[in-house]
**Student:** 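Attaching a single structure in C-alpha coordinates format; questions to follow.
We name chains A, B, ... by the order of the sequence lines, and we start the count at 1 in each one. Source: prediction; values computed, not measured.
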Amino acid sequence: MITVVYFAWLRERIGTGREEIETQAKTVAQLVAELSAQDSYHAAAFADLRAVRVAVDQVLCDFDTPIAAAKEVAFFPPMTGG
Amino acid sequence: MITVVYFAWLRERIGTGREEIETQAKTVAQLVAELSAQDSYHAAAFADLRAVRVAVDQVLCDFDTPIAAAKEVAFFPPMTGG
Amino acid sequence: MICVQSAPFDLGDIANRFAVAQAGAGAIVTFSGVVRGDGGLLALEIEHYPAMTLPAITDMVDGARARFGLLDAWVIHRYGRLTVGEMIMMVATSAPHRKDAFAGAEYLMDYLKSRAPFWKKEHHRDGAAWVAAKDSDEALLARWG
Amino acid sequence: MICVQSAPFDLGDIANRFAVAQAGAGAIVTFSGVVRGDGGLLALEIEHYPAMTLPAITDMVDGARARFGLLDAWVIHRYGRLTVGEMIMMVATSAPHRKDAFAGAEYLMDYLKSRAPFWKKEHHRDGAAWVAAKDSDEALLARWG
(Lines give C-alpha, C1' and ligand atoms only; values in the text may rest on other atoms or scores of the structure.)
Protein backbone atom coordinates (compact mmCIF):
# COMPACT_ATOMS: atom_id res chain seq x y z
CA MET A 1 0.00 0.00 0.00
CA ILE A 2 1.21 3.45 -0.91
CA THR A 3 -0.42 6.84 -0.39
CA VAL A 4 -0.54 9.07 -3.46
CA VAL A 5 -1.36 12.75 -2.94
CA TYR A 6 -2.13 15.48 -5.48
CA PHE A 7 -2.07 19.26 -5.28
CA ALA A 8 -3.33 22.25 -7.26
CA TRP A 9 -4.58 21.46 -10.78
CA LEU A 10 -3.47 17.81 -10.54
CA ARG A 11 -5.81 17.39 -7.57
CA GLU A 12 -8.63 19.11 -9.45
CA ARG A 13 -8.09 17.14 -12.66
CA ILE A 14 -7.92 13.78 -10.86
CA GLY A 15 -10.85 14.65 -8.63
CA THR A 16 -9.22 13.72 -5.33
CA GLY A 17 -6.33 14.93 -3.20
CA ARG A 18 -5.40 11.53 -1.84
CA GLU A 19 -5.69 7.85 -2.67
CA GLU A 20 -4.31 4.64 -1.22
CA ILE A 21 -3.22 2.14 -3.87
CA GLU A 22 -1.71 -1.30 -4.23
CA THR A 23 1.12 -1.16 -6.74
CA GLN A 24 3.99 -3.22 -8.07
CA ALA A 25 5.68 -0.10 -9.48
CA LYS A 26 9.38 0.13 -8.63
CA THR A 27 9.87 3.76 -9.66
CA VAL A 28 7.86 6.96 -9.81
CA ALA A 29 7.71 6.61 -13.62
CA GLN A 30 6.17 3.12 -13.33
CA LEU A 31 3.66 4.42 -10.81
CA VAL A 32 2.70 7.22 -13.21
CA ALA A 33 2.20 4.68 -16.02
CA GLU A 34 -0.02 2.55 -13.78
CA LEU A 35 -2.10 5.53 -12.64
CA SER A 36 -2.45 6.89 -16.19
CA ALA A 37 -3.81 3.52 -17.35
CA GLN A 38 -6.44 3.61 -14.62
CA ASP A 39 -8.81 6.22 -16.09
CA SER A 40 -8.98 9.31 -18.27
CA TYR A 41 -8.71 11.70 -15.30
CA HIS A 42 -5.31 10.36 -14.27
CA ALA A 43 -4.28 10.14 -17.93
CA ALA A 44 -5.16 13.81 -18.42
CA ALA A 45 -3.29 14.87 -15.28
CA PHE A 46 -0.14 13.04 -16.35
CA ALA A 47 -0.39 13.87 -20.06
CA ASP A 48 2.56 16.30 -19.95
CA LEU A 49 5.09 15.26 -17.32
CA ARG A 50 7.20 18.36 -17.95
CA ALA A 51 4.46 20.20 -16.04
CA VAL A 52 4.51 17.74 -13.12
CA ARG A 53 6.81 17.65 -10.08
CA VAL A 54 7.11 14.76 -7.66
CA ALA A 55 8.09 14.27 -4.02
CA VAL A 56 8.71 10.87 -2.45
CA ASP A 57 8.14 10.89 1.30
CA GLN A 58 8.08 14.70 1.20
CA VAL A 59 11.41 15.07 -0.60
CA LEU A 60 11.54 16.53 -4.14
CA CYS A 61 12.91 13.98 -6.58
CA ASP A 62 12.72 12.88 -10.21
CA PHE A 63 10.71 10.23 -12.06
CA ASP A 64 13.49 7.61 -11.86
CA THR A 65 13.38 7.59 -8.06
CA PRO A 66 12.68 4.11 -6.56
CA ILE A 67 9.51 3.88 -4.48
CA ALA A 68 9.82 0.35 -3.08
CA ALA A 69 10.18 1.59 0.51
CA ALA A 70 8.13 4.77 0.09
CA LYS A 71 5.04 5.56 2.14
CA GLU A 72 3.84 8.64 0.26
CA VAL A 73 4.29 9.91 -3.28
CA ALA A 74 3.09 13.43 -4.12
CA PHE A 75 2.39 14.92 -7.55
CA PHE A 76 1.97 18.64 -8.14
CA PRO A 77 2.75 21.44 -10.60
CA PRO A 78 5.89 23.59 -10.25
CA MET A 79 5.66 25.50 -6.98
CA THR A 80 4.50 29.11 -6.87
CA GLY A 81 5.14 30.22 -3.30
CA GLY A 82 6.56 33.44 -1.95
CA MET B 1 34.34 85.66 1.32
CA ILE B 2 33.93 81.92 1.27
CA THR B 3 32.84 79.58 4.05
CA VAL B 4 35.07 76.56 4.58
CA VAL B 5 33.71 73.70 6.69
CA TYR B 6 35.46 70.61 8.06
CA PHE B 7 34.17 67.32 9.37
CA ALA B 8 35.41 64.33 11.38
CA TRP B 9 39.19 64.17 11.82
CA LEU B 10 39.77 67.16 9.53
CA ARG B 11 37.68 69.26 11.91
CA GLU B 12 39.59 67.90 14.89
CA ARG B 13 43.01 68.37 13.30
CA ILE B 14 42.30 71.93 12.17
CA GLY B 15 40.65 72.80 15.45
CA THR B 16 37.49 74.30 14.02
CA GLY B 17 34.49 73.13 12.04
CA ARG B 18 33.98 76.36 10.15
CA GLU B 19 35.89 79.41 9.02
CA GLU B 20 35.15 82.38 6.76
CA ILE B 21 38.06 83.34 4.57
CA GLU B 22 39.05 85.83 1.91
CA THR B 23 40.67 83.99 -0.96
CA GLN B 24 41.87 84.55 -4.51
CA ALA B 25 41.85 80.77 -5.16
CA LYS B 26 40.14 79.79 -8.40
CA THR B 27 39.93 76.05 -7.72
CA VAL B 28 39.62 73.74 -4.73
CA ALA B 29 43.28 72.75 -5.19
CA GLN B 30 44.39 76.40 -4.98
CA LEU B 31 42.27 76.87 -1.85
CA VAL B 32 43.89 73.81 -0.27
CA ALA B 33 47.36 75.21 -1.04
CA GLU B 34 46.43 78.57 0.52
CA LEU B 35 44.98 76.95 3.64
CA SER B 36 47.96 74.58 4.02
CA ALA B 37 50.33 77.55 3.95
CA GLN B 38 48.37 79.21 6.76
CA ASP B 39 49.54 77.07 9.70
CA SER B 40 50.73 73.61 10.69
CA TYR B 41 47.20 72.44 11.63
CA HIS B 42 45.86 73.01 8.14
CA ALA B 43 49.05 71.60 6.65
CA ALA B 44 48.64 68.40 8.70
CA ALA B 45 44.99 68.03 7.73
CA PHE B 46 45.77 68.37 4.03
CA ALA B 47 49.04 66.38 4.10
CA ASP B 48 47.54 63.41 2.23
CA LEU B 49 44.82 64.51 -0.16
CA ARG B 50 43.99 60.93 -1.10
CA ALA B 51 42.31 60.76 2.32
CA VAL B 52 40.30 63.95 1.77
CA ARG B 53 37.00 64.43 -0.02
CA VAL B 54 35.53 67.77 -1.03
CA ALA B 55 32.06 69.20 -1.66
CA VAL B 56 31.45 72.59 -3.25
CA ASP B 57 28.11 74.07 -2.25
CA GLN B 58 27.09 70.65 -0.86
CA VAL B 59 27.89 68.72 -4.04
CA LEU B 60 30.70 66.15 -4.07
CA CYS B 61 33.40 67.14 -6.56
CA ASP B 62 37.13 66.90 -7.21
CA PHE B 63 40.07 69.21 -6.51
CA ASP B 64 39.99 70.77 -9.99
CA THR B 65 36.51 72.18 -9.43
CA PRO B 66 36.28 75.99 -9.82
CA ILE B 67 35.17 77.85 -6.71
CA ALA B 68 34.85 81.38 -8.08
CA ALA B 69 31.07 81.45 -7.52
CA ALA B 70 31.00 79.10 -4.56
CA LYS B 71 29.59 80.01 -1.16
CA GLU B 72 30.73 76.96 0.81
CA VAL B 73 33.54 74.44 0.41
CA ALA B 74 33.57 71.37 2.67
CA PHE B 75 36.48 69.05 3.42
CA PHE B 76 36.03 65.66 5.07
CA PRO B 77 37.30 62.07 5.04
CA PRO B 78 35.61 59.36 2.93
CA MET B 79 32.09 58.89 4.24
CA THR B 80 31.19 56.06 6.61
CA GLY B 81 27.43 56.18 6.84
CA GLY B 82 24.88 53.38 6.86
CA MET C 1 11.11 30.71 13.76
CA ILE C 2 9.22 29.21 10.86
CA CYS C 3 5.44 29.66 10.73
CA VAL C 4 3.05 28.26 8.16
CA GLN C 5 -0.34 29.71 8.98
CA SER C 6 -3.63 30.89 7.53
CA ALA C 7 -3.90 33.82 9.97
CA PRO C 8 -2.59 37.28 9.06
CA PHE C 9 0.64 38.47 10.68
CA ASP C 10 1.90 41.91 11.63
CA LEU C 11 5.08 42.86 9.74
CA GLY C 12 6.10 45.51 12.28
CA ASP C 13 5.53 43.24 15.25
CA ILE C 14 7.54 40.40 13.69
CA ALA C 15 10.33 42.76 12.55
CA ASN C 16 10.68 44.16 16.06
CA ARG C 17 10.60 40.73 17.70
CA PHE C 18 13.22 39.53 15.23
CA ALA C 19 15.44 42.57 15.81
CA VAL C 20 15.55 42.28 19.59
CA ALA C 21 16.52 38.62 19.30
CA GLN C 22 19.61 39.44 17.18
CA ALA C 23 22.44 40.24 19.57
CA GLY C 24 25.61 40.72 17.53
CA ALA C 25 23.91 41.46 14.23
CA GLY C 26 24.89 44.62 12.39
CA ALA C 27 22.41 44.09 9.58
CA ILE C 28 18.76 43.08 9.54
CA VAL C 29 16.78 42.58 6.32
CA THR C 30 13.08 41.88 5.97
CA PHE C 31 11.12 41.02 2.86
CA SER C 32 7.34 40.92 2.69
CA GLY C 33 5.20 39.79 -0.20
CA VAL C 34 1.84 41.46 -0.75
CA VAL C 35 -1.12 40.37 -2.93
CA ARG C 36 -1.22 42.74 -5.91
CA GLY C 37 -4.54 43.60 -7.55
CA ASP C 38 -3.24 43.32 -11.13
CA GLY C 39 -5.73 42.55 -13.89
CA GLY C 40 -8.80 42.70 -11.71
CA LEU C 41 -7.64 40.07 -9.20
CA LEU C 42 -10.20 39.59 -6.43
CA ALA C 43 -8.42 37.08 -4.22
CA LEU C 44 -5.58 34.62 -4.07
CA GLU C 45 -6.01 31.08 -2.79
CA ILE C 46 -2.87 29.39 -1.56
CA GLU C 47 -2.70 25.61 -1.21
CA HIS C 48 0.21 23.82 0.41
CA TYR C 49 1.44 20.31 1.25
CA PRO C 50 1.39 20.32 5.05
CA ALA C 51 3.57 17.23 5.56
CA MET C 52 6.31 18.71 3.36
CA THR C 53 6.08 22.48 3.95
CA LEU C 54 7.84 22.80 7.28
CA PRO C 55 10.66 20.32 6.51
CA ALA C 56 11.26 21.97 3.12
CA ILE C 57 11.44 25.49 4.59
CA THR C 58 13.64 24.25 7.44
CA ASP C 59 16.12 22.91 4.87
CA MET C 60 16.12 26.25 3.05
CA VAL C 61 16.70 28.19 6.27
CA ASP C 62 19.53 25.84 7.29
CA GLY C 63 21.04 26.23 3.82
CA ALA C 64 20.86 30.03 3.96
CA ARG C 65 22.33 30.18 7.47
CA ALA C 66 25.27 27.96 6.51
CA ARG C 67 25.95 29.59 3.16
CA PHE C 68 25.85 33.24 4.25
CA GLY C 69 26.81 32.94 7.91
CA LEU C 70 23.43 34.29 8.96
CA LEU C 71 22.94 34.74 12.69
CA ASP C 72 19.25 33.96 12.28
CA ALA C 73 16.48 33.69 9.71
CA TRP C 74 12.71 33.64 10.18
CA VAL C 75 10.07 32.68 7.63
CA ILE C 76 6.31 33.19 7.83
CA HIS C 77 4.14 31.94 4.97
CA ARG C 78 0.36 32.00 4.82
CA TYR C 79 -2.07 29.69 3.04
CA GLY C 80 -5.79 29.89 2.38
CA ARG C 81 -7.74 32.76 0.85
CA LEU C 82 -6.05 36.18 0.74
CA THR C 83 -7.45 39.41 -0.64
CA VAL C 84 -5.64 42.22 -2.46
CA GLY C 85 -3.29 44.16 -0.19
CA GLU C 86 -2.86 41.34 2.32
CA MET C 87 0.62 40.09 3.16
CA ILE C 88 1.32 36.59 1.88
CA MET C 89 4.63 35.94 3.56
CA MET C 90 7.78 37.44 4.98
CA VAL C 91 11.37 36.54 5.70
CA ALA C 92 13.79 38.20 8.11
CA THR C 93 17.54 37.65 8.13
CA SER C 94 20.39 38.93 10.26
CA ALA C 95 24.14 38.89 9.78
CA PRO C 96 27.17 40.81 10.99
CA HIS C 97 27.31 42.67 7.63
CA ARG C 98 24.69 43.86 5.15
CA LYS C 99 25.85 41.89 2.10
CA ASP C 100 25.16 38.54 3.77
CA ALA C 101 21.85 39.63 5.29
CA PHE C 102 20.65 40.77 1.83
CA ALA C 103 21.96 37.66 0.06
CA GLY C 104 20.41 35.37 2.67
CA ALA C 105 17.00 37.01 2.26
CA GLU C 106 17.17 36.84 -1.55
CA TYR C 107 18.29 33.21 -1.46
CA LEU C 108 15.41 32.29 0.83
CA MET C 109 12.92 34.16 -1.37
CA ASP C 110 14.16 32.44 -4.53
CA TYR C 111 13.86 29.01 -2.89
CA LEU C 112 10.49 29.71 -1.28
CA LYS C 113 9.16 30.93 -4.62
CA SER C 114 10.14 27.86 -6.61
CA ARG C 115 10.86 24.99 -4.20
CA ALA C 116 8.53 25.30 -1.21
CA PRO C 117 5.28 23.35 -1.74
CA PHE C 118 2.85 26.23 -2.22
CA TRP C 119 0.52 26.79 -5.16
CA LYS C 120 -1.41 29.95 -5.93
CA LYS C 121 -4.82 30.18 -7.58
CA GLU C 122 -6.03 33.56 -8.78
CA HIS C 123 -9.71 34.38 -8.47
CA HIS C 124 -11.14 36.91 -10.88
CA ARG C 125 -14.72 38.04 -11.48
CA ASP C 126 -15.02 35.62 -14.39
CA GLY C 127 -13.27 32.58 -12.96
CA ALA C 128 -10.15 31.21 -11.36
CA ALA C 129 -6.80 29.94 -12.66
CA TRP C 130 -3.67 28.41 -11.16
CA VAL C 131 -0.62 30.66 -11.37
CA ALA C 132 2.04 29.23 -13.69
CA ALA C 133 5.63 29.09 -12.48
CA LYS C 134 7.79 31.69 -14.23
CA ASP C 135 11.00 31.03 -16.11
CA SER C 136 12.33 34.24 -14.55
CA ASP C 137 11.96 32.68 -11.09
CA GLU C 138 13.92 29.60 -12.15
CA ALA C 139 16.59 31.94 -13.55
CA LEU C 140 16.83 33.75 -10.20
CA LEU C 141 17.18 30.41 -8.42
CA ALA C 142 19.90 29.29 -10.82
CA ARG C 143 22.22 32.11 -9.71
CA TRP C 144 22.86 30.26 -6.43
CA GLY C 145 24.50 27.40 -8.34
CA MET D 1 10.06 60.02 3.58
CA ILE D 2 13.63 60.90 4.45
CA CYS D 3 14.50 61.56 8.09
CA VAL D 4 17.86 62.60 9.49
CA GLN D 5 17.47 62.61 13.25
CA SER D 6 19.22 62.01 16.55
CA ALA D 7 16.18 60.35 18.12
CA PRO D 8 15.69 56.57 18.03
CA PHE D 9 13.09 55.15 15.67
CA ASP D 10 10.90 52.06 15.84
CA LEU D 11 11.64 49.60 13.01
CA GLY D 12 8.27 47.87 13.32
CA ASP D 13 6.30 51.09 13.39
CA ILE D 14 8.13 52.46 10.33
CA ALA D 15 7.83 49.15 8.46
CA ASN D 16 4.08 49.05 9.04
CA ARG D 17 3.59 52.71 8.11
CA PHE D 18 5.62 52.13 4.95
CA ALA D 19 3.68 48.98 4.04
CA VAL D 20 0.23 50.55 4.31
CA ALA D 21 1.35 53.40 2.06
CA GLN D 22 2.34 51.02 -0.77
CA ALA D 23 -0.77 50.32 -2.82
CA GLY D 24 0.22 48.23 -5.84
CA ALA D 25 3.47 46.91 -4.40
CA GLY D 26 4.02 43.16 -4.39
CA ALA D 27 7.37 43.36 -2.63
CA ILE D 28 8.56 45.33 0.39
CA VAL D 29 12.14 45.21 1.65
CA THR D 30 13.54 46.80 4.79
CA PHE D 31 17.14 47.04 5.92
CA SER D 32 18.19 48.16 9.37
CA GLY D 33 21.71 48.76 10.59
CA VAL D 34 22.52 48.08 14.23
CA VAL D 35 25.56 49.15 16.32
CA ARG D 36 27.63 46.01 16.88
CA GLY D 37 29.66 45.61 20.06
CA ASP D 38 32.76 44.22 18.34
CA GLY D 39 36.12 44.64 20.02
CA GLY D 40 34.78 46.20 23.18
CA LEU D 41 32.98 49.08 21.48
CA LEU D 42 31.16 51.25 24.01
CA ALA D 43 29.43 53.75 21.75
CA LEU D 44 29.34 55.15 18.26
CA GLU D 45 29.29 58.87 17.56
CA ILE D 46 27.91 59.88 14.19
CA GLU D 47 28.66 63.31 12.74
CA HIS D 48 27.01 64.61 9.59
CA TYR D 49 26.97 67.65 7.31
CA PRO D 50 23.46 69.02 7.81
CA ALA D 51 23.38 71.28 4.74
CA MET D 52 24.34 68.38 2.48
CA THR D 53 22.75 65.33 4.11
CA LEU D 54 19.15 65.72 3.01
CA PRO D 55 19.94 66.81 -0.60
CA ALA D 56 22.46 63.96 -0.97
CA ILE D 57 20.02 61.31 0.30
CA THR D 58 17.22 62.77 -1.83
CA ASP D 59 19.43 62.32 -4.92
CA MET D 60 20.13 58.69 -3.94
CA VAL D 61 16.45 57.96 -3.41
CA ASP D 62 15.53 59.57 -6.74
CA GLY D 63 18.29 57.53 -8.42
CA ALA D 64 17.08 54.28 -6.87
CA ARG D 65 13.43 54.96 -7.78
CA ALA D 66 14.28 55.72 -11.40
CA ARG D 67 16.75 52.89 -11.86
CA PHE D 68 14.70 50.07 -10.32
CA GLY D 69 11.16 51.35 -10.87
CA LEU D 70 10.58 51.54 -7.13
CA LEU D 71 7.12 52.61 -6.07
CA ASP D 72 8.58 54.24 -2.98
CA ALA D 73 11.69 54.39 -0.82
CA TRP D 74 12.16 55.71 2.70
CA VAL D 75 15.42 56.43 4.50
CA ILE D 76 15.96 57.15 8.18
CA HIS D 77 19.49 57.89 9.40
CA ARG D 78 20.48 58.88 12.92
CA TYR D 79 23.37 61.02 14.12
CA GLY D 80 24.81 61.70 17.55
CA ARG D 81 25.83 59.18 20.19
CA LEU D 82 24.53 55.61 19.84
CA THR D 83 25.19 52.66 22.11
CA VAL D 84 25.63 49.00 21.22
CA GLY D 85 22.42 47.38 20.00
CA GLU D 86 20.82 50.66 18.90
CA MET D 87 19.58 51.04 15.35
CA ILE D 88 21.65 53.50 13.30
CA MET D 89 19.51 53.69 10.21
CA MET D 90 17.00 51.94 8.01
CA VAL D 91 15.77 51.94 4.44
CA ALA D 92 12.48 50.61 3.08
CA THR D 93 11.74 50.00 -0.58
CA SER D 94 8.72 48.78 -2.50
CA ALA D 95 8.29 47.55 -6.05
CA PRO D 96 5.89 45.38 -8.03
CA HIS D 97 8.43 42.50 -7.90
CA ARG D 98 11.00 41.33 -5.36
CA LYS D 99 14.12 41.62 -7.51
CA ASP D 100 13.73 45.40 -7.85
CA ALA D 101 12.78 45.96 -4.22
CA PHE D 102 15.93 44.08 -3.11
CA ALA D 103 18.18 45.80 -5.65
CA GLY D 104 16.80 49.23 -4.71
CA ALA D 105 17.49 48.63 -1.02
CA GLU D 106 21.03 47.38 -1.70
CA TYR D 107 21.76 50.30 -4.01
CA LEU D 108 20.58 52.78 -1.39
CA MET D 109 22.65 51.08 1.30
CA ASP D 110 25.79 51.11 -0.85
CA TYR D 111 25.36 54.82 -1.59
CA LEU D 112 24.44 55.76 1.98
CA LYS D 113 27.49 53.88 3.24
CA SER D 114 30.01 55.61 0.99
CA ARG D 115 28.45 58.81 -0.41
CA ALA D 116 26.13 60.27 2.22
CA PRO D 117 27.95 62.78 4.46
CA PHE D 118 28.11 60.77 7.69
CA TRP D 119 31.22 59.91 9.69
CA LYS D 120 31.46 57.41 12.51
CA LYS D 121 33.73 57.61 15.53
CA GLU D 122 34.13 54.55 17.72
CA HIS D 123 34.47 55.02 21.46
CA HIS D 124 36.31 52.31 23.39
CA ARG D 125 37.37 52.15 27.01
CA ASP D 126 40.84 53.35 26.05
CA GLY D 127 40.00 56.04 23.53
CA ALA D 128 38.17 56.92 20.36
CA ALA D 129 38.96 56.61 16.66
CA TRP D 130 37.30 57.59 13.41
CA VAL D 131 36.11 54.61 11.36
CA ALA D 132 38.05 54.27 8.10
CA ALA D 133 36.14 53.76 4.87
CA LYS D 134 36.49 50.20 3.59
CA ASP D 135 37.68 49.17 0.15
CA SER D 136 34.97 46.48 0.26
CA ASP D 137 32.31 49.20 0.47
CA GLU D 138 33.75 50.98 -2.58
CA ALA D 139 33.72 47.62 -4.37
CA LEU D 140 30.03 47.14 -3.55
CA LEU D 141 29.27 50.62 -4.85
CA ALA D 142 31.20 49.96 -8.06
CA ARG D 143 28.79 47.17 -9.07
CA TRP D 144 26.14 49.79 -9.92
CA GLY D 145 28.33 51.13 -12.71
Side-chain angles (χ1 to χ4, degrees), chain B residues 1-21 23 27-28 31-32 35 40-82, chain D residues 2 4 31-36 44-60 63 75-79 82 87-91 105-122 127-141:
Chain B
M1 278 294 255
I2 197 166
T3 303
V4 184
V5 294
Y6 307 102
F7 295 95
W9 60 257
L10 278 110
R11 173 178 54 72
E12 292 178 339
R13 211 163 284 182
I14 288 168
T16 182
R18 182 187 193 90
E19 52 188 337
E20 312 281 334
I21 64 159
T23 178
T27 65
V28 171
L31 178 64
V32 167
L35 291 165
S40 63
Y41 303 106
H42 286 84
F46 290 118
D48 180 4
L49 288 184
R50 289 170 307 180
V52 177
R53 300 289 177 271
V54 60
V56 173
D57 289 336
Q58 297 90 46
V59 174
L60 270 182
C61 58
D62 59 26
F63 288 85
D64 297 331
T65 306
I67 56 167
K71 291 202 172 83
E72 184 170 281
V73 178
F75 295 103
F76 41 77
M79 288 93 146
T80 54
Chain D
I2 300 174
V4 181
F31 175 91
S32 356
V34 181
V35 182
R36 277 178 303 129
L44 208 58
E45 189 188 323
I46 303 180
E47 180 171 334
H48 77 120
Y49 179 6
M52 182 175 171
T53 315
L54 208 55
I57 297 177
T58 302
D59 281 351
M60 293 170 196
V75 173
I76 300 173
H77 204 303
R78 295 177 64 191
Y79 58 86
L82 283 77
M87 285 200 184
I88 305 169
M89 52 79 61
M90 71 172 283
V91 305
E106 288 207 74
Y107 173 100
L108 279 172
M109 283 310 305
D110 290 347
Y111 273 88
L112 286 165
K113 200 90 186 174
S114 304
R115 293 294 182 270
F118 292 98
W119 301 274
K120 292 199 189 98
K121 192 174 195 175
E122 290 181 343
W130 291 98
V131 174
K134 288 188 223 144
D135 289 343
S136 58
D137 283 324
E138 282 296 317
L140 284 174
L141 192 58

**Student:** Nearest 0.5 angstrom please: D:Thr53 OG1 to B:Met79 CE, how far?
**Tutor:** 9.0 Å

**Student:** Please answer whether the main-chain N or O of B:Gly81 pairs with a side-chain N or O of D:Lys120 as donor and acceptor at a distance below 3.5 Å.
**Tutor:** yes

**Student:** How are the rings of B:Phe7 and D:Trp119 set to each other: parallel, tilted or perpendicular (split at 30° and 60°)?
**Tutor:** parallel

**Student:** Where on D:Ala56 is there a heavy atom nearer than 4.5 Å to chain B: the side chain, the backbone, both, or neither?
**Tutor:** neither

**Student:** For D:Ile46, which atoms come within 4.5 Å of any heavy atom of chain B: side chain, backbone, both, or neither?
**Tutor:** neither

**Student:** Apply side chain to side chain contact (heavy atoms under 4.5 Å, CB included) to residues B:Phe76 and D:Glu47 and explain how you reach the verdict.
**Tutor:** CA-CA 11 Å; B:Phe76 41 77; D:Glu47 180 171 334; over 6 Å; no

**Student:** Considering only heavy atoms and a distance below 4.5 Å, find which of D:Lys134, D:Met109, D:Arg115, D:Glu138 pairs most often with chain B.
**Tutor:** D:Arg115

**Student:** At their closest point, which heavy atom of B:Thr80 faces which heavy atom of D:Val131, and how far apart are they?
**Tutor:** CG2-O, 3.5 Å

**Student:** With a 4.5 angstrom heavy-atom cut-off, could you sort out which part of B:Ala8 is near chain D: side chain, backbone, both or neither?
**Tutor:** both

**Student:** Under 4.5 Å heavy-atom distance to chain D, tell me which part of B:Arg11 shows up: side chain, backbone, both or neither.
**Tutor:** side chain

**Student:** Measure D:Ala51 against the heavy atoms of chain B and call it side chain, backbone, both or neither at under 4.5 Å.
**Tutor:** both

**Student:** What closest approach, in Å, do B:Ala55 and D:Met52 show between heavy atoms, and which atom pair accounts for it?
**Tutor:** CB-SD, 3.9 Å

**Student:** Is it true that atom CG of D:Asp135 has more than 12 heavy atoms of other residues, nucleotides or ligands lying nearer than 6.0 Å?
**Tutor:** no

**Student:** Only pairs of heavy atoms separated by less than 4.5 Å count here; which of D:Pro55, D:Gly33, D:Ser114 has the most with chain B?
**Tutor:** D:Ser114

